[in-house]
Amino acid sequence: MAVDVLLGLQWGDEGKGKIVDVLTRKYNIIARFQGGPNAGHTLEFEGKKHVLHTIPSGVFHENVMNVVGNGVVIDPVIFKVELDKLIDQEPHVLSRLKISRKAHLILPTHRLLDAASEAAKGKKKIGSTLKGIGPTYMDKTGRNGLRVGDIQLDNFSELYNALVTKHKQLLAGYEGFEYDLASLEENWFAAVEYLRSLDIIDSEPYFHDAIAAGQTILAEGAQGTLLDIDFGTYPFVTSSNTTCAGACTGMGIAPNKIKNVYGIFKAYCTRVGSGPFPTELFEEVGATIQKNGHEFGATTGRPRRCGWLDLPALKYAINVNGVTELMMMKGDVLSGIGPIKVCTAYKYNGEVVKHLPYKLQEDLIEPIFTELPGWDEDLMQMTSEDAFPQSFKDYISFIEAEVGVPITLVSVGPDRAQTIIRD
Ligand code: GDP
Ligand code: IMO
Ligand code: MG
């Protein structure tokens, strides 16, 4: 059987957690393949809200296995806090969770290096989540990293000390950066001890056997395509491949095992952290979208910047990922805001272009908008697309015609139930 992939097509926070939860009953296994606690995936059902960071979003369903794949980076402290909270609500959660031996570990010094590097960049900072993501992936590609499997080795402390010695030398290069490592280490080692007690596996053969046995797998992306290390708005990106190819390297599955690629996008755009955002709204309407959409980070609480939907960027993301179906989130947030603009091209260096240029520098690029009529009806109560106001139907059709991929799911609220599947 095949693997399906679900991923974000913008700058993250598209609503991946909600939709993974909605789709989970169709799958035997849900797997994360990249990122780490920089992610914040929100699920809402039965009047409760849950935010997951490292744990896959299928965890609330019985009889579904959740696997943290090799491409993920794990902070044992955050992982334990997340699990402790979950166990309160789902006592059997541990029996539904497996962790790859090859996932890399975020050390306390990775977090310190993230903070020191961001502080040193000043105004040019990435606006990282300060979870140590960049430094951990740097150690992975630099062939210095520690992996979950290492905590099962007798010489783990030796490996740890060798890496921390390197990190201390790097930290010494950041003048004036002070830290208290001892207190961070105490928590970290306690959490490593806990991690040791969990179900740590060789995840590639686990996936291969599952596929051979006809099981269904959904790969859950974190962040979004425009934050991809290769294809995002570099350098204002995260440090992993958030795109479909990342599912292959982050799980050890072959490209020809991937069938459906579900691409999620919001009916508008948001971005948290620094970096270019051509359709960003600085006037009142941006503030209204932020307020109505509760656009504040699920991990850091930072306000998310808001802007109009950017179709050249969306098309690029569709192509990079081979998206087979689109899912549109948060159309309800645009109710009552008046006419809606959609970016269909850019003026770049004086020329009209329909592709995403190399540098999205503000002084070089100007979005070209098409204006569409808005709608005033509250979509949140609607349970079928027949009930949608005509201008919302037209908005959906306009996007489909521009990008050439069908929108098969429309989300009209944060709750699991506020999800409309289209024919
Ligand atoms: P993720 O990182 O892609 O999983 O997305 P986040 O959880 O960070 O952010 C999405 C936010 O939008 C969460 O607060 C969700 O509860 C909420 N949300 C998801 N879908 C919808 C929707 O269709 N309408 C509204 N109003 N909120 C939604
Ligand atoms: P989910 O999975 C939105 C952003 C940060 C910063 C940049 C680099 O919830 O969609 P990092 O800590 O990864 O080094 O930060 O990436 N970022 C996200 N933005 N949603 C996320 O995850 C993000 N994860 C990282 O704000 O701009
Ligand atoms: Mg999020």
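When a residue number appears, it is its place in the shown sequence, counting from 1. Both ligands and their constituent atoms are indexed starting at 1 by order of listing.
Checking Tyr346 against Asp310 by side-chain atom types alone, a donor-acceptor pair falls below 3.5 Å. Between the side chains of Ser411 and Lys18, a donor-acceptor pair is found at a separation under 3.5 Å.
Restricting Asp13 to its N/O/S atoms, the shortest distance to the Mg ion (ligand 3) is reached by OD1.
Residue Ile211 comes nearest to Val3 through the heavy atom pair CD1-CG2, 3.8 Å, listed as atom of the first residue, atom of the second, then distance. Closest non-hydrogen pair, Gly224 versus Glu14, comes out as CA-OE2, 3.8 Å. The minimum heavy-atom distance linking Leu112 with Phe177 is given by the pair O-CZ, 3.5 Å.
No donor-acceptor pair closer than 3.5 Å links the side chain of Gln10 to the backbone N or O of Thr270. With Ser274 contributing its side chain and Lys125 its backbone, the two residues share a donor-acceptor pair below 3.5 Å. Side-chain atoms of Asn187 do not come within 3.5 Å of backbone N or O of Glu185 as any donor-acceptor pair. A donor-acceptor pair under 3.5 Å links the side-chain atoms of Asn70 to the main chain of Met251, judged by distance alone. Side-chain atoms of Thr324 come within 3.5 Å of backbone atoms of Val261 as a donor-acceptor pair (strictly under, hydrogens ignored). Remark: side-chain polar atoms of Asn66 are paired, donor with acceptor, to backbone N or O of Gly58 under 3.5 angstrom. No donor-acceptor pair under 3.5 Å is formed between the side chain of Glu90 and the backbone N or O of Ile87. Using a distance-only test at 3.5 Å, with no hydrogens or angles considered, a donor-acceptor pair links the side chain of Thr279 to the main chain of Trp308.
The nearest protein atom to atom 26 (O) of ligand 2, hydrogens excluded, is given as Arg302 NH2, 2.9 Å; this is a heavy-atom distance. The shortest contact between atom 13 (O) of ligand 2 and any protein heavy atom is with Thr238 OG1, 2.6 Å. With hydrogens left out, the protein atom closest to atom 14 (O) of ligand 2 is Ser128 CB, 3.6 Å, a heavy atom. If you check which protein heavy atom lies closest to atom 10 (C) of ligand 1, you get Asp13 O, 3.6 Å. In terms of protein heavy-atom proximity, atom 20 (N) of ligand 2 is closest to Asp13 OD1, 3.1 Å. Among protein heavy atoms, atom 27 (O) of ligand 2 sits closest to Val272 O, 3.2 Å. The shortest contact between atom 12 (O) of ligand 1 and any protein heavy atom is with Lys330 NZ, 2.9 Å. The protein heavy-atom contact nearest to atom 22 (O) of ligand 2 is Gln223 NE2, 3.4 Å. The closest protein non-hydrogen atom to atom 16 (O) of ligand 1 is Pro414 CB, 3.3 Å. In this structure, atom 12 (O) of ligand 2 lies nearest to the protein heavy atom Thr129 OG1, 2.5 Å.
Between Tyr395 and Trp375, the distance separating the two ring centers is shorter than 6.0 angstrom. Two rings, from Phe79 and Tyr194, have their centers 6.0 Å or more apart. When ring centroids are compared, Tyr160 and Trp188 come within the 6.0 Å threshold.
The ligand atoms of ligand 2 that sit less than 4.0 angstrom from a heavy atom of Leu227 are 4 (C), 16 (O), 17 (N), 18 (C), 19 (N). In summary, the atoms of ligand 1 found under 4.0 Å from a heavy atom of Ser411, numbered by their order in the structure, are 20 (N), 21 (C), 22 (C), 23 (O). For ligand 1 and Gly17, the ligand atoms under 4.0 Å from any heavy atom of the residue are 4 (O). Short contacts between ligand 1 and Val333, defined as distances under 4.0 Å to a heavy atom of the residue, involve ligand atoms 26 (N). Set against the non-hydrogen atoms of Ala222, the atoms of ligand 2 under 4.0 Å away are 2 (O). Residue Glu44 approaches ligand 1 through these ligand atoms, each under 4.0 Å from one of its heavy atoms: 16 (O). Residue contact check: Gly273 has heavy atoms under 4.0 Å from atoms 27 (O) of ligand 2. Below 4.0 Å from some heavy atom of Ala39 lie the following atoms of ligand 2, by number and element: 1 (P), 2 (O), 9 (O), 22 (O). Per-residue contacts place His41 under 4.0 angstrom from the following atoms of ligand 2 (heavy atoms of the residue considered): 1 (P), 2 (O), 9 (O). Near Lys16, the atoms of ligand 2 lying under 4.0 angstrom from a non-hydrogen atom of the residue are 1 (P), 2 (O), 10 (O). Set against the non-hydrogen atoms of Met329, the atoms of ligand 1 under 4.0 Å away are 20 (N). When each atom of ligand 1 is checked for a heavy atom of His41 under 4.0 Å away, the hits are 1 (P), 2 (O), 4 (O), 7 (O).
With a 4.0 Å heavy-atom cut-off, ligand 1 is reached by no atom of His50. Of the heavy atoms in Leu43, none comes closer than 4.0 Å to ligand 1. Residue contacts with ligand 2 for Trp11 involve N, CA, C or O but no side-chain atom from C-beta outward (heavy atoms, distance under 4.0 Å). Contact annotation: for Val237 versus ligand 2, heavy atoms closer than 4.0 Å belong to the backbone alone. If you look at Thr42 next to ligand 1, the close heavy atoms, those under 4.0 Å, come from the backbone and the side chain alike. When heavy-atom distances to ligand 2 are checked against a 4.0 Å cut-off, Lys131 has no atom that comes that close, whether in backbone or side chain. Counting heavy atoms under 4.0 Å from ligand 1, residue Lys18 touches it through the side chain alone. At a heavy-atom cutoff of 4.0 Å, ligand 2 is contacted by no atom of Arg271, backbone or side chain.
Using a cut-off of 4.0 Å between Lys/Arg side-chain N and Asp/Glu carboxylate O, Arg111 and Asp75 are scored as salt-bridged. By the 4.0 Å N-to-carboxylate-O rule, Glu118 lies too far from Lys124 to be salt-bridged with it. Taking the charged nitrogens against the carboxylate oxygens, Arg271 and Glu295 have no contact shorter than 4.0 Å, which rules out a salt bridge. Salt-bridge annotation for Asp21 and Arg416: present, with a side-chain N of the basic residue lying under 4.0 Å from a carboxylate O of the acidic one.
Within the structure, the closest approach of Gly293 to ligand 1 does not fall below 4.0 Å when heavy atoms are considered. Residue contact annotation: Gly40 has a non-hydrogen atom under 4.0 Å from ligand 2. Assignment of Gly127 to the shell around ligand 2 is supported, since a heavy atom sits closer than 4.0 Å. Under a 4.0 angstrom heavy-atom cut-off, Arg304 registers as lying outside contact with ligand 2.
Considering both main-chain and side-chain atoms, Gly15 comes within under 3.5 Å of ligand 1 through a nitrogen or oxygen pair. Looking at ligand 1, you'll find an N or O of Gly40 within less than 3.5 Å of one of its N or O atoms.
Between Phe60 and Phe45, the ring-plane angle classifies as perpendicular under the 30° and 60° cut-offs.
Within the 2.8 Å limit, Lys16 places no N, O or S atom next to the Mg ion (ligand 3).
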